[in-house]
Amino acid sequence: MIGKLRVVNSLTKEKEVFEPLNSPHVGMYVCGPTVYSDVHLGNVRTFTSFDVVYRYLKFLGYKVRYVRNITDVGHLLDNSEEDKISKKAKLENLEPMEVVQKYTNDFHRVMELFNNLDPDIEPTATGHLIEQLQMIDELVEKGYAYESNGSVYFDIEKYNKEYSYGKLSGRKTEDLLSQTRELDGQSDKRNPLDFALWKNASPEHIMRWKTKWGVGFPGWHLECSVMSTKYLGEQFDIHGGGMDLKFPHHECEIAQNAGTHGNDGAKYWLHTNMLTVNGTKMSKSLGNSFLPKELIAGDHEMLDRGYSPMTIRFFMLQSHYASTLDFSNEALNAAQKGYTKLANGLRYVQEVAYPEGTQEAPDEKQISQIKKICENCHHAMNDDFNTALTIGHLFNLLKKFNSLQTGQLQFGQLGKEVFDQMKTTFLGFTQDVLGLRLELDLKGEKLVDVVLTEYKAAKEAKDYEKVDALRAELKQLGIVVKDMKNQIDWAFEE
RNA sequence: GGUUCCAUGGCCGAGUGGCUAGGCAGAGGUCUGCAAAACCUUUUACGGCGGUUCGAAUCCGCCUGGAACCUCCA
C-alpha cells in the first residue's frame with residue numbers, strides 16, 4: 001500500500017487518517033433509498049460515490065461489509081402524517097408492498113446499469129420491526145424516550161443533559177427551537193424538537209402494526225440505527241449518505257445510537273454533495289430531476305441527446321463527491337468524449353501483452369514518469385477518494401499506452417516489470433476502483449475485426465476506393481479506424 | 001432570519017502557502033495515399049478590495065454574487 005487513506009469526517013470536519021476499528025474488517029453503512037418512486041440522477045450520484053468508496057476499500061485489501069438499507073416504511077410526507085409509500089399505494093391502488101417491490105426492483109436495475117456493486121446486506125425497515133421495537137424499549141428504559149397518546153418520542157431535552165444534539169450539523173438546540181414552526185399534531189410532544197420513534201396510526205393509515213402502545217408505525221430515523229447496530233455492531237467504521245440527510249436524519253441516528261449504547265455509532269461520517277441543475281439542487285419536489293432512463297434516451301426537454309450510463313458515471317467521477325456537480329449538455333458532451341477516449345484505452349490495455357524477448361536500452365525518463373503516475377493514482381484515491389484527480393492521472397498513463405500502440409514508444413524501452421506495473425495500475429483503477437466498463441459486447445467487437453481484415457487486404461492491394469468506403473461505413477456506426485504504422489485497430493468515435 | 005459552503009482559463013472540473021492536474025474546445029506540428037486515431041508543442045486562470053508572509057489562487061478580514069440545510073429529499 002502506498003501511503004495512507006485519509007477521509008474527511010463530517011463529524012470532526014477534518015481530514016483524518018482512516019484507521020478501521022477492527023482491521024482488516026471494515027463496516028460501512030449507507031442510507032439507501034425510500035422506495036416510493038423512481039430514483040433520479042441525484043440519488044444515483046450518491047450511491048455511485050459510495051460504490052467507489054466500497055470498491056477502493058476492497059482494493060486496499062480490507063474485508064468490507066457494506067450495508068445499504070431500503071426504506072419501505074415510516075418516511076413521512078412533509079408536515080403530514082402520511083407515509084410516502086402508503087400515499088403512492090393509495091394513488092395507484094396497490095398494496096404498499098407492491099409499491100415497495102416495484103421501486104426496489106427499479107432501483108436494483110439502475111444500480112446495475114451504472115455498474116454499482118451490490119451491498120453485502122440490504123436490510124429493509126419492515127423486516128426489522130422487532131429490533132426497532134426493542135430499541136424503543138431500551139430508549140424508554142434509559143429515559144431518553146417517552147410514550148404519549150400511542151406514540152413514542154425521543155426526548156431531546158433529556159438527551160442534551162449528557163450528550164449534544166446537533167453536533168454533526170453544527171446546530172444548537174436553542175437556535176433550532178427559536179425557528180420551530182408551529183405545526184399541527186405536535187401537541188403530543190414535550191418539546192417541539194423531539195422526534196418520533198413510533199407513531200400512532202390514524203384509522204386511514206394503511207401501514208400499521210399492533211404494539212403495546214397501540215396500532216402504529218415506526219419513525220424514519222430509527223431503522224438506520226437499528227440495522228447498522230444489528231449488522232455492524234454498536235461501533236463501526238463508516239456511515240455515509242447525502243448532505244441533505246445530515247439534518248435531521250443523521251443527527252437523530254446519532255442521538256438514538258448514543259441513547260442506547262453511549263456512542264455515535266460510526267467513527268467516520270461521510271457526506272456526498274448534491275447534483276445541481278443550473279446551480280440549483282436536483283430534487284423531485286423542485287421538478288428539475290432527471291430519471292436515468294430519460295438521460296440515457298435523451299428524452300428530456302433540457303437534453304440535446306442521450307448519454308450512456310458509463311458516460312454519466314465518468315461525468316460524476318470527474319468531480320469530487322463532496323463538491324456540488326452541475327448538470328449541463330456541454331459538460332455531458334465533454335464527458336462523453338472523455339469517457340470514450342478512456343474506454344478506447346481500456347479496450348487496448350485489456351488486450352495488450354508484453355512481447356517476450358524484447359530487449360532494448362531502458363528509457364529511464366519514461367520509466368520514472370510511468371512509475372510516478374502509478375504512484376499518483378494511489379495518492380489521489382488515498383486523498384479522500386479523489387476520483388477526479390485519479391482520472392487525470394489515468395489519462396496521463398493512457399498516453400503512454402497509446403504511444404506503445406502506435407510504436408512511438410517501444411515495449412523494450414520499458415521492460416516487462418514496468419509494463420506490468422502500468423497495466424495492473426491502469427486496469428485496477430479504471431475497472432476495479434472507478435468501476436468503469438466497456439459498453440460494447442464481445443460479439444460486436446468480433447464483427448469489427450472481420451471488417452478490419454477486409455480493410456487491411458484492400459489497403460495492401462492499394463484499393464483506396466474500397467479502403468475509403470469501408471472506413472466511411474464504420475464511421476457511420478461510430479467506429480473509427482486507427483491506421484498505425486505497425487498495425488491496424490479500431491476505436492469508438494469520440 | 002440562523003447555520004454552513006462555494007466563486008479557478010472559452011466550457012467542465014481538481015488543487016490549497018513556492019512544484020505542468022485532467023477532460024472538452026482552439027492553434028501549430030509529427031505520422032498518413034488522403035484522412036482519422038495517436039503522440040508532441042501551445043494560447044486563455046484563480047470574483048473584488050485590503051492584510052499576514054521572503055512568497056497566496058491557496059491563510060485572515062471585509063465586500064459582491066451564488067448555493068445548501070434549518071421542512072420531505074441522496
Side-chain angles (χ1 to χ4, degrees), chain A residues 13 30-34 36 39-50 75-80 82 84 166 169-172 174-176 178-181 183 220 240-249 271-276 279-286 289 314-315 318-320 322-339 341-342 344-345 348 376 380 383 386-396 398-409 459 462 464 467-468 471-472 475 480-485 489-494:
Chain A
K13 279 130 195 111
V30 172
C31 288
T34 301
Y36 71 107
V39 284
H40 63 67
L41 260 310
N43 305 119
V44 172
R45 186 193 185 197
T46 291
F47 299 125
T48 302
S49 298
F50 286 111
H75 206 155
L76 301 184
L77 288 155
D78 51 322
N79 301 336
S80 84
E82 192 153 32
K84 288 187 170 189
S169 55
R171 265 158 248 258
K172 295 187 175 71
E174 313 84 82
D175 296 341
L176 287 168
S178 66
Q179 294 143 224
T180 305
R181 285 190 271 164
L183 300 172
W220 173 41
M243 276 301 199
D244 47 0
L245 295 185
K246 237 185 193 177
F247 187 91
H249 185 59
H271 287 96
T272 58
N273 215 319
M274 300 292 108
L275 191 60
T276 61
T280 309
K281 176 181 171 179
M282 180 184 286
S283 81
K284 280 173 198 165
S285 47
L286 290 173
S289 63
F314 176 85
F315 168 71
Q318 261 190 313
S319 72
H320 188 254
S323 303
T324 54
L325 173 62
D326 200 55
F327 220 59
S328 68
N329 275 300
E330 297 73 33
L332 282 166
N333 266 316
Q336 143 71 24
K337 295 194 174 187
Y339 163 70
K341 187 173 193 167
L342 198 64
N344 281 327
Y348 171 67
N376 284 342
D383 188 9
N386 194 329
T387 54
L389 193 53
T390 304
I391 288 174
H393 296 317
L394 287 173
F395 273 110
N396 286 332
L398 176 59
K399 283 181 186 171
K400 304 299 181 192
F401 278 109
N402 284 332
S403 297
L404 282 173
Q405 192 186 21
T406 53
Q408 284 152 293
L409 184 62
K459 187 132 198 204
K462 299 207 169 172
Y464 292 124
V467 167
D468 291 344
R471 201 154 64 188
K475 191 167 163 41
V480 285
V481 178
K482 295 175 73 166
D483 232 329
M484 291 163 284
K485 225 168 186 167
D489 197 6
W490 60 272
F492 300 108
E493 191 180 11
E494 284 168 20

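Chain identifiers are assigned alphabetically (A, B, ...) following the order of the sequence lines, protein sequences preceding nucleic acid strands; residue numbering begins at 1 within each chain.
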Quiz prompt | C1' gap between A21(B) and C12(B), integer Å | solution = 14 Å
Self-check item: Test item: D326(A) side-chain N/O and G279(A) main-chain N/O as donor-acceptor pair under 3.5 Å
Solution: yes
Quiz item: Can you tell me how far C1' in C39(B) sits from the matching atom in C69(B), rounded to whole Å?
Solution: 49 Å
Quiz item: What base-paired stems does RNA chain B take part in, with at least 3 consecutive Watson-Crick or G-U wobble pairs and both distances under 3.5 Å?
Solution: B:1-7 with B:64-70, B:10-12 with B:22-24, B:26-30 with B:38-42, B:47-51 with B:59-63
Exercise. Indicate whether OP1 or OP2 belonging to A36(B) is found under 4.0 Å from a side-chain N or O atom of K475(A).
Key: no
Quiz item: Counting side-chain heavy atoms from CB outward, which of A74(B), G33(B), G23(B) is closest to A334(A)?
Solution: G23(B)
Self-check item: Nearest heavy atoms of L342(A) and L398(A), plus distance in Å
Solution: CA-CD2, 4.1 Å
Practice problem: Could you work out the separation of C6(B) and G17(B) based on their P atoms and round it to a whole Å? | Solution: 14 Å
Exercise. Look at the side chain of L176(A) and decide which nucleotide, out of C70(B), C11(B), C24(B), has an atom nearest to it.
Key: C70(B)
Self-check item: RNA chain B-proximal residues of residues 402-409 of chain A, any heavy atom under 4.0 Å
Solution: N402(A), S403(A), T406(A), Q408(A)
Self-check item: Distance below 4.0 Å between K341(A) side-chain N/O and A37(B) OP1 or OP2
Solution: no
Give each protein N/O atom lying under 3.5 Å from an N/O atom of nucleotides 15-22 of chain B, with the pair distance.
{"from": "G15(B)", "atom 1": "OP1", "to": "N386(A)", "atom 2": "ND2", "distance (Å)": "3.2"}

Exercise. Using the P atoms only, state how far G9(B) lies from G47(B), rounded to an integer number of Å.
Key: 8 Å
Self-check item: Distance between P atoms of C63(B) and C46(B) (Å, rounded)
Solution: 23 Å
